Number of protein chains: 2
Amino acid sequence: MDTQSSRRQATRTKLYEAAVTLIAEQGFSATTVDEIAERAGVAKGTVYYNFKSKTELFEELLRHGVGLLTASLRAAADETAARGGTRVQALDAMIRAGLVFIDRYPAFTQLYVAELWRTNRAWQSTLLVVRQEAVAVVETVLREGVANGELSDEIDIPLTAAALVGMVLVAALDWQAFQRERSIDDVHAALSRLLHGRVSGR
Amino acid sequence: MDTQSSRRQATRTKLYEAAVTLIAEQGFSATTVDEIAERAGVAKGTVYYNFKSKTELFEELLRHGVGLLTASLRAAADETAARGGTRVQALDAMIRAGLVFIDRYPAFTQLYVAELWRTNRAWQSTLLVVRQEAVAVVETVLREGVANGELSDEIDIPLTAAALVGMVLVAALDWQAFQRERSIDDVHAALSRLLHGRVSGR
DNA sequence: TTCTTTGAACTGACCAGTCAGTGCAAAAAC
DNA sequence: GTTTTTGCACTGACTGGTCAGTTCAAAGAA
């Protein structure tokens with residue numbers, strides 16, 4: 001990579017980082033381009049030199065962030081498979097990977113959840129694509145688990161995948177927002193227990 | 001109730017209904033007071049006659065909506081207890097009640113999830129109170145279940161409650177947004193299966 | 001020379017909140 | 001029974017401010 005494009009890349013990254021926290025805190029519309037530029041330490045003109053519009057900056061942010069998440073989920077699943085682990089172990093590893101991701105990028109997660117179920121917004125189609133990528137990783141592991149008999153063939157794959165993702169997402173955001181004192185291991189243990197059905201019974 | 005105050009109440013209700021769908025679709029900042037007034041079929045001045053500000057309208061909306069939700073969850077739990085059901089059955093009934101609520105007020109749920117984990121917003125303290133009310137209902141049932149030996153005493157009550165609420169919330173929103181063809185029974189069955197630990201195994 | 005960034009000034013659309021005034025139903029006065 | 005008054009609910013044009021996006025000359029970097 002030549003120096004110029006890496007210089008540009010550095011500017012873009014600074015803008016992503018500034019935008020993601022501001023938008024997570026305040027929402028898209030309430031965040032001004034002037035604020036983003038100031039937080040990133042660049043001039044306003046630079047924002048428009050690097051991105052077509054505020055909306056485009058946001059859409060690229062979404063793509064970038066979900067790309068990181070799916071890569072991390074897939075890596076967790078693949079690694080478990082490579083070690084000869086079961087599919088349930090793979091799901092457990094993915095829960096862990098999800099928690100680590102949210103711990104590292106809480107602002108992005110917050111913003112993603114806030115936008116995901118909205119309708120009639122400019123970036124709706126971007127989100128749809130990007131969501132499907134993430135959920136598909138979980139669905140694949142569920143499907144494999146059913147195929148090899150490890151999971152009940154009566155489970156509803158798309159709904160169960162959505163529920164699992166939701167469970168992790170909401171538990172993690174709650175942890176970050178309202179229960180900061182808990183460790184990631186506490187949260188992982190609670191979710192793992194639900195996944196393994198070790199909630200009811202003694 | 002005299003004609004005047006019932007007239008006022010009707011206007012307020014129209015404003016709630018208009019605001020909830022618009023804000024769910026577009027977010028708080030992107031929704032203008034003019035839009036809300038137009039959708040409600042009243043003049044802009046009427047909004048300010050009935051509410052101190054746009055923010056206050058929104059806060060009252062939040063209180064109103066979460067009030068409905070907690071009432072419905074509590075009713076489900078109480079009814080199960082009255083019929084001599086177990087705590088796990090009560091949790092199951094609450095999942096059902098949550099789904100029914102979301103099915104009936106999808107816009108409100110959307111808006112609640114979008115705002116819940118934001119920080120630095122004017123209505124943050126309102127949300128904190130209102131969230132705690134809702135989660136507390138689930139925590140109570142979990143605590144009772146642990147006390148009578150129905151649930152493992154190793155579960156982490158606050159985290160498990162958050163995870164359960166998240167599971168229902170996200171699965172239901174996903175159902176509404178991306179899997180409309182499924183029936184409420186399908187969704188309930190999938191979530192119930194997770195709650196009962198009937199996912200893994202044959 | 002070429003690419004990137006700066007920074008400040010500017011435009012025009014948009015929007016929260018205001019306020020002087022209207023309509024109307026019920027109470028008060030006669 | 002009719003007229004007058006009261007005050008609540010509502011109206012919509014208007015104001016002051018904000019913000020996305022533009023422009024551009026100049027500077028810095030490679």
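Remember, it's a predicted structure, so these values are computed and weren't measured experimentally. We name chains A, B, ... by the order of the sequence lines, and we start the count at 1 in each one.
- Atom CD of B:Q132 has more than 12 neighbouring heavy atoms from other residues, nucleotides or ligands inside a 6.0 Å radius.
- In this structure, the CD atom of A:E38 is 12 Å from the P atom of C:dG7, given to the nearest Å.
- Rounded to whole Å, atom C1' of C:dG17 lies 14 Å from atom CG of B:L57.
- Ion pairing of B:E115 with B:R118 is present here, as a side-chain N (NZ or NE/NH1/NH2) and a carboxylate O approach within less than 4.0 Å.
- Neither OP1 nor OP2 of C:dT4 sits under 4.0 Å from any side-chain N or O of A:N50.
- When heavy atoms are screened at a 4.0 angstrom cut-off, B:V47 is found touching no nucleic acid atom at all.
- Here the closest heavy-atom approach between residue A:A97 and residue A:S72 is recorded as CB-OG, 3.7 Å.
- Remark: A:E56 CD is packed, more than 12 non-hydrogen atoms of other residues, nucleotides or ligands lying under 6.0 Å away.
- Between B:F51 atom CZ and C:dA16 atom C1' the separation is 16 Å, expressed in whole Å.
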If the sugar-phosphate is the primed atoms plus P, OP1 and OP2 and the base is the rest, what is the B/S/- string for nucleotides 16-27 of chain D, using protein heavy atoms under 4.0 Å? ---SBBB-----
Go through the steps for B:T80 and B:Q89 under the test side-chain hydrogen bond (donor to acceptor under 3.5 Å, both in side chains), then give the verdict. CA-CA 7 Å; B:T80 309; B:Q89 284 172 331; over 6 Å; no
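- Taking the charged nitrogens against the carboxylate oxygens, B:E35 and B:R39 have no contact shorter than 4.0 Å, which rules out a salt bridge.
- Checking the phosphate oxygens (OP1, OP2) of C:dT6, a side-chain nitrogen or oxygen of A:T46 falls inside 4.0 Å.
- Within the structure, a side-chain polar atom (N or O) of B:Y49 is placed less than 4.0 Å from OP1 or OP2 of D:dA9.
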